[in-house]
Colleague: 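Before we start, here is the structure in question, set down as structure tokens.
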Number of protein chains: 2
Amino acid sequence: MWALSTSGEGTYHHGNLRRSLIAAAQALLRSGGIEAVTLREAARQAGVSHNAPYRHFPSREALLAAVAAEGFRTLHRTQSDAAAEVDPADRLKAFGRAYLRFAAEERATFRLMFGGTLDPADHPELAAVARGTFGALVAVTQEDATSGKGIVGRDALRAWALVHGLAHLVADRQIDTAQAEACLM
Amino acid sequence: MWALSTSGEGTYHHGNLRRSLIAAAQALLRSGGIEAVTLREAARQAGVSHNAPYRHFPSREALLAAVAAEGFRTLHRTQSDAAAEVDPADRLKAFGRAYLRFAAEERATFRLMFGGTLDPADHPELAAVARGTFGALVAVTQEDATSGKGIVGRDALRAWALVHGLAHLVADRQIDTAQAEACLM
DNA sequence: CGCCAGATGTTGACAACGCCCACATTCCCT
DNA sequence: AGGGAATGTGGGCGTTGTCAACATCTGGCG
């Protein structure tokens, strides 16, 4: 851990507090949901005082935004990896499956990203990362359209909403991943 | 307000605290989101001490659950009203439109109901009301199926997920109601 | 090398919150 | 009329987010 840090444990400066706080917040998020993500607990897990986090995040919300941004990056990477492994014609489906898998495996993170707790207007970096992730989705959708499948305009929105809705239902455990994936065929 | 109350303002007993607390919580929810819903502030708005709410709700979560349950009841009523006004063949679409309208007009309530903040397992009454609302939806879907449109099984789930996804996108202001409704046609 | 500005971390404090306790007041049923 | 149950009050504890003042370290400049 803290591979970039040159300093040890007993030092005054932590060396990589920002990363450590995000990692701690992710752990708290996974184990106890959004409410369990606390600046003071994250600081405790990172081994610093309760006020050290303010040198890296202006507020609790900013920490949550950083975790959400990390989530978008993970989702983006997962989707790209999944798309790279399949026939170009199946890319859109692969994107959808990756989306559903993310919702199932990172329920709390998914909710943080799409649950409306964070207002993108208050967190520019989060907004930018989210835009990037959606941009890739739009690109694949359009590529799919030009490849002759005719998914475009209203149909593209329909596809997005379908996957998004399935992902929410999966995250809420109202259906399971298998049922959701069956809807993509 | 407090139409059922027989007692006035200066009395020791409030007369309808439970309703008042739910109303106050709804107002707080609408104006400041879930985080703004506070037992103490709800008590303040109801004109009682900070501990009175505990005679009606065992915890803050229980108050939130009551507000969510009220949301499900409102949604249920809205959907029924909308369905009653249209040709039976269009009932499913009317349900979908009512769903979208609710998501747009009661964003915060929608998020409380579907955002995963509340675990239905911890709030039996909420679970029951939610089941009732979904039951009506399922009934309409099946009626639609038997009327010859053939929406059944996987297609029914697809329809549900589509509307649910559109509603979330509307609640998150990523699309507007008009775009969403266009997807129902 | 010495030193200082800025970055980073610490200590202490305050108000608000959820929740618990003991106590007060009122309602309703017998 | 009386007494138990329901309801509301007041005080208190521990936790949290945030602010202010102070301490320590780091890197660059003379």
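Residue numbering restarts at 1 for every chain, and letters A, B, ... go by the order of the sequence lines.
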Colleague: Inspect the contact between Glu70(A) and Arg18(A) and indicate whether a charged nitrogen and a carboxylate oxygen are less than 4.0 angstrom apart.
Modeller: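 Result for this pair is no, no salt bridge flagged.
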Colleague: List for me each residue that meets ring-ring contact (aromatic ring centres under 6.0 Å, His included) alongside Phe110(B), sequence neighbours excluded, and say none if there are none.
Modeller: Phe114(B), His168(B)
Colleague: Would you give the length of the straight line joining atom CG of Leu21(B) to atom CZ of Arg19(B), rounded to the nearest 0.5 angstrom?
Modeller: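 Here the interatomic distance stands at 11.5 Å.
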Colleague: Which pairs, with at least one residue in residues 170-185 of chain B and sequence neighbours excluded, count as a side-chain hydrogen bond (donor to acceptor under 3.5 Å, both in side chains)?
Modeller: Arg111(B)-Asp172(B)
Colleague: Record whether the side chain of Arg40(A) comes under 3.5 Å of the base of dT18(D) through a donor-acceptor pair of N or O atoms.
Modeller: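 Side chain to base: pair found, below 3.5 Å.
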Colleague: Toward the 5' end of DNA chain C, which comes first, Leu17(A) or Val37(B), by nearest nucleotide?
Modeller: Leu17(A)
Colleague: Taking only residues two or more places apart in sequence, or in another chain, which ones meet Arg44(A) in a salt bridge (Lys or Arg N to Asp or Glu O under 4.0 Å)?
Modeller: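 Arg44(A) satisfies salt bridge (Lys or Arg N to Asp or Glu O under 4.0 Å) with Glu41(A) only.
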Colleague: His14(B) has an atom NE2; how far is it from atom P of dC27(C), in whole Å?
Modeller: 14 Å
Colleague: Which part of the nucleic acid, if any, lies within reach of Thr38(A) when heavy atoms closer than 4.0 Å are counted: base, sugar-phosphate only, or nothing?
Modeller: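 Sugar-phosphate, backbone atoms only, no base.
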Colleague: Output the residues of residues 52-64 of chain B in contact with DNA chain D, where contact means a heavy atom of the residue under 4.0 Å from an atom of the strand; sort by number or write none.
Modeller: Ala52(B), Arg55(B), His56(B)
Colleague: To the nearest Å, give me how far apart CD1 (Ile34(A)) and P (dT16(D)) are.
Modeller: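 It works out to 17 Å between those atoms.
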Colleague: With sequence neighbours excluded, what pairs up with Arg60(A) under the salt bridge (Lys or Arg N to Asp or Glu O under 4.0 Å) test?
Modeller: Glu35(B)
Colleague: For Leu39(B) and dC17(C), what is the distance between atoms CG and P respectively, to the nearest whole Å?
Modeller: 10 Å
Colleague: Pair up each side-chain donor or acceptor in residues 22-32 of chain B with any protein partner under 3.5 Å, not counting sequence neighbours, and list the distances.
Modeller:
| residue | atom | partner | partner atom | Å |
| --- | --- | --- | --- | --- |
| Arg30(B) | NH1 | Glu106(B) | OE1 | 3.1 |
| Arg30(B) | NH1 | Glu106(B) | OE2 | 2.8 |
| Ser31(B) | OG | Ala27(B) | O | 3.1 |
| Ser31(B) | OG | Leu28(B) | O | 3.4 |

Colleague: Rounded to the nearest angstrom, tell me the gap between atom CG in Asn51(B) and atom P in dG18(C).
Modeller: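 Taking CG of Asn51(B) and P of dG18(C), I get 11 Å after rounding.
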Colleague: Please report the distance, rounded to the nearest Å, between CZ in Arg44(A) and C1' in dG17(D).
Modeller: 12 Å
Colleague: Would you kindly give the CZ-to-P distance between Arg19(B) and dT7(D), to the nearest whole Å?
Modeller: 14 Å
Colleague: Is there a donor and acceptor pair, one atom on the side chain of His50(A) and one on the base of dG9(C), closer than 3.5 Å?
Modeller: no
Colleague: Cut-off 3.5 Å, no hydrogens considered: what does the side-chain donor-acceptor table look like for residues 129-140 of chain B, sequence neighbours left out?
Modeller:
| residue | atom | partner | partner atom | Å |
| --- | --- | --- | --- | --- |
| Thr133(B) | OG1 | Phe72(B) | O | 3.2 |
| Thr133(B) | OG1 | Val129(B) | O | 3.2 |

Colleague: Heavy atoms within less than 4.0 Å of DNA chain C: which residues of residues 25-32 of chain B have one? Give them sorted by number.
Modeller: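 Under 4.0 Å from DNA chain C: no residue of residues 25-32 of chain B.
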Colleague: Counting only pairs under 3.5 Å, give me each side-chain donor-acceptor contact of residues 96-105 of chain B, with atom names and distances, residues two or more places apart or in other chains.
Modeller:
| residue | atom | partner | partner atom | Å |
| --- | --- | --- | --- | --- |
| Tyr99(B) | OH | His164(B) | ND1 | 2.8 |

Colleague: Please give, in whole Å, the distance from dA16(C) C1' to Glu41(B) CD?
Modeller: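 About 11 Å, once rounded to whole Å.
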